[in-house]
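Here's the structure, in structure tokens; my notes come after.
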Amino acid sequence: MYVPIRFLTALGTGALLAHGHAPALAQEPAAPAVSPRTAALTQSPTTLTLPGLQASVEIIRDRWGINHIYAETEYDLFFAQGYAAARDRLFQFEVWRAQATGTVAEMLGPDELQRDIGFRLFRYRGDMTAEMNHYHDRGSRIIPAYVDGVNAYIAETETNPELLPIEFELLGIRPKRWTPEVVISRHQGLLGNIGTELGYGRAVVAVGAEAVKRAANFHPGDPDITLDPAIDGALLSQDILGLYNAFRGRVRFRREHLVPDHRGDSEALGRLEAAAGGVRGATAFPGAASESTPVVAGRPADALGLPGALTWPDLESLGSNNWVVSGRLSESGYPLMANDPHRAQSAPSLRYWVHLVGPGWNVIGGGEPEIPGVSIGHNGYGAWGLTVFRTDGEDLYVYETDPDDPNRYRYRDGWEEMTVITEEIPVKGRAPHTAEFKYTRHGPVVFEDPGSRVAYAVRAAWLEPGGAPYLASLRMNQAKTWEEFVEACNYSNIPGENMVWTAATSGTATSPSRPSPVSTTPPKASSRPPTTTSPPTTTRTWTRSATSGPTPTAGRGRSRSSARDGSTPWPT
């Protein structure tokens with residue numbers, strides 16, 4: 001079925017009227033007083049006929065470049081969002097797709113193979129229908145609709161390559177089709193604390209627990225950060241998290257990635273790289289430690305008398321902020337909300353604004369462009385935002401492996417078989433690489449030391465169902481009350497975020513909890529050293545609490561626990 005989709009580019013005063021259709025922060029959201037079809041605006045229309053749409057769709061692009069999408073069906077609304085976002089950000093979409101499918105080496109060559117191996121190792125391998133419906137009751141229809149819209153625009157570029165951004169010509173590539181797995185990928189998440197945990201473990205081995213506690217300052221607690229006696233600390237210096245770090249890094253394009261005709265002057269490029277490196281290496285203020293100075297918990301390591309190798313990021317000093325002022329205290333009588341997630345500037349931007357209007361939907365705001373819905377915004381009943389807080393969402397497990405079979409690991413009093421999956425990874429300029437991925441009941445095996453009969457696995461909260469960043473905002477987009485917003489937050493399993501909400505007539509904030517491990521032993525650090533499964537000196541289970549908040553209405557949402565209790569093999 002071919003149905004028209006109409007683009008209107010608002011000009012002059014028309015942009016103001018088009019932008020005015022965004023839902024106001026009022027108690028009752030109303031439909032636009034004047035239909036975009038009949039408004040007397042100065043506009044330049046474009047009408048396209050696309051397969052897949054169920055009815056006509058209208059998109060008004062205001063003078064700020066924000067798309068206001070009006071659709072008659074929910075499917076068409078998210079189809080149009082995917083189509084419009086891909087139209088605006090196609091190369092960004094292609095890089096995202098390559099990361100989310102572990103195919104960056106197919107685009108850029110063998111230097112990216114470790115990234116692809118790392119991503120595939122940490123790929124979510126659960127039931128896709130259940131996963132999509134976790135984020136919204138109709139998620140298994142909304143997410144595929146969005147993907148269909150992305151693919152509809154990619155299909156247009158296949159017919160007319162002139163639509164492709166210049167980056168595709170420079171790299172000599174073409175965009176590939178999406179699947180729902182791309183949308184639920186965890187590759188872009190603000191993940192956890194596993195690097196810090198390993199760093200603490202290495203530091204304890206080098207100088208002892210008490211010296212590390214003095215340097216790290218675990219205020220206000222006094223955690224036990226000693227290593228489990230079953231762990232050989234001397235082995236922790238190996239590149240245990242190499243695969244984890246490979247897939248978490250940025251995709252960086254180099255001269256050799258370009259087709260020969262576009263590589264330009266190597267000497268000039270070298271000067272540009274040197275200049276950029278000088279900017280990155282500049283100190284933030286006079287007297288500050290440079291990037292070459294080892295830093296422990298915000299202080300130069302040499303000032304603490306610690307070896308230079310004992311370094312980890314100063315995560316304690318990072319943070320974002322949000323706040324709400326009640327309408328009782330504002331001149332307008334409406335509440336004011338400020339939300340600052342502290343994300344890095346980039347080109348193209350991490351955020352993408354959109355206004356969605358359809359049956360049951362009237363929401364405007366920003367989010368990552370490759371995700372349906374709005375992550376931060378307002379819907380006429382309330383406004384919401386998000387910031388990140390630190391939580392213990394990852395654990396590093398150390399296993400003794402069977403001397404007769406390295407695919408068997410000791411768990412409690414017996415041996416268990418690892419799950420082994422084999423995949424072929426395409427690599428530009430060479431034959432596909434065959435990779436083997438191993439999993440214990442706790443998670444992906446990131447490193448093996450056959451000589452010492454040791455294997456390491458990462459257990460991560462974000463690999464649980466519902467761990468795709470920001471997708472649960474689909475439920476938040478339709479929340480009409482504080483209670484409904486709290487309930488929606490209980491479906492967001494990304495660790496960890498403070499969600500803030502204000503209703504149209506009041507101010508309320510909430511800080512939902514996230515999946516995290518609970519220990520039956522005395523309190524540990526929030527980023528604790530590695531743990532072992534033999535002997536079982538520590539029992540760690542995964543739990544998830546209901547959303548909590550500072551008002552009496554907090555916590556009314558049901559607790560949604562998707563955690564495994566340690567008795568089910570992973571992955572399912």
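Computed over heavy atoms, backbone and side chain alike; hydrogens, waters and symmetry mates excluded.
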Pairing residues for Glu162 by the side-chain contact (heavy atoms from CB on, under 4.5 Å) criterion, not counting sequence neighbours: Asn160
Under 3.5 Å: donor-acceptor pair, side chain of Asn379, backbone of Asn477: yes
Within-4.5 Å side-chain heavy-atom neighbours: Ser140 and Met128: no
Whether Gln99 side chain and Val104 backbone form a donor-acceptor pair below 3.5 Å: no
Asp340 versus Thr387, closest heavy-atom pair with distance: O-CG2, 3.8 Å
Tyr244 and Phe122 aromatic ring geometry - parallel, tilted or perpendicular at 30°/60° bounds: perpendicular
Considering all heavy atoms, the nearest Ile69-Gln81 contact: CD1-CA, 3.6 Å
Carboxylate-amine/guanidinium proximity below 4.0 Å for Glu464 and Arg125: no
Criterion side-chain hydrogen bond (donor to acceptor under 3.5 Å, both in side chains) on Trp462 and Glu394, from CA distance to verdict: CA-CA 8 Å; Trp462 46 271; Glu394 296 173 335; 2.7 Å; yes
Thr502 vs Leu336 side-chain heavy atoms within contact, under 4.5 Å: no
Arg186 to Tyr124, cation-pi by 6.0 Å centre distance and 45° axis angle: yes
Which atom of Ile117 lies closest to which atom of Ala435, heavy atoms considered: CG1-CB, 4.4 Å
Asp148 side chain reached by Tyr75 side chain, heavy atoms, under 4.5 Å: yes
Criterion ring-ring contact (aromatic ring centres under 6.0 Å, His included) against Phe78, the qualifying member of Tyr146, Trp361, Tyr83: Trp361
Distance in Å, Asn67 CG paired with Ile364 CD1, rounded so as to fall on 0.5 Å steps: 10.5 Å
Backbone of Trp178 reached by a side-chain donor or acceptor of Asn151 within 3.5 Å: yes
Contact check, side chains of Tyr70 and Leu356, non-hydrogen atoms, under 4.5 Å: no
Ionic contact status for Asp88 with Arg61, cut-off 4.0 Å: yes
Side-chain heavy-atom pair Val147, Val150 within 4.5 angstrom cut-off: no
Could you list the donor-acceptor pairs under 3.5 angstrom formed between side-chain atoms of residues 467-476 and any protein atom two or more places apart in sequence or on another chain?
residue	atom	partner	partner atom	Å
Tyr470	OH	Arg343	NH1	3.2
Ser473	OG	Val374	O	3.4
Ser473	OG	Tyr470	O	2.5
Arg475	NE	His134	O	3.2
Arg475	NE	Tyr135	O	3.3
Arg475	NH1	Asp137	OD1	3.3
Arg475	NH2	Asn133	O	3.3
Arg475	NH2	His134	O	3.1
Arg475	NH2	Asp137	OD1	3.2

Under 3.5 Å: donor-acceptor pair, side chain of Arg87, backbone of Tyr153: no
Side-chain donor or acceptor of Thr73 paired with backbone N/O of Asp76 under 3.5 Å: yes
Note, Asn498 side chain near Leu386 side chain (heavy atom, < 4.5 Å): no
Nearest heavy atoms of Gly393 and Asn193, plus distance in Å: N-OD1, 2.9 Å
His355 and Asn362: CA distance, side-chain angles, deciding distance, side-chain hydrogen bond (donor to acceptor under 3.5 Å, both in side chains) verdict: CA-CA 7 Å; His355 179 198; Asn362 190 5; 3.1 Å; yes
Heavy-atom side-chain contact between Val183 and Glu370 under 4.5 Å: no
Ile66 and Val354: CA distance, side-chain angles, deciding distance, side chain to side chain contact (heavy atoms under 4.5 Å, CB included) verdict: CA-CA 6 Å; Ile66 299 173; Val354 70; 5.6 Å; no
Main-chain N/O of Thr179 paired with Arg97 side-chain donor or acceptor, under 3.5 Å: no
Any Lys428 side-chain heavy atom under 4.5 Å of Met107 side chain: no
Side chain to side chain contact (heavy atoms under 4.5 Å, CB included) assessment of Asn339 paired with Trp384: CA-CA 8 Å; Asn339 182 74; Trp384 64 94; over 6 Å; no
Whether Glu131 side chain and Gly466 backbone form a donor-acceptor pair below 3.5 Å: yes
Partners meeting side-chain contact (heavy atoms from CB on, under 4.5 Å) with Pro369 (sequence neighbours left out): Arg89, Gln92, Phe93, Tyr352
Trace of the side chain to side chain contact (heavy atoms under 4.5 Å, CB included) decision for Ile143 with His136: CA-CA 10 Å; Ile143 293 174; His136 192 281; over 6 Å; no
Heavy-atom pair with the smallest gap, counting every atom of Gln478 and Glu484: O-OE1, 3.9 Å
Salt-bridge present (Arg120, Glu423; N to O < 4.0 Å): yes
Steps toward side chain to side chain contact (heavy atoms under 4.5 Å, CB included) verdict (His378, Val363): CA-CA 6 Å; His378 61 92; Val363 58; over 6 Å; no
Glu74 bridged to Arg138 by N-O distance under 4.0 Å: yes
Leu50 versus Phe79, closest heavy-atom pair with distance: CD1-CE2, 4.1 Å
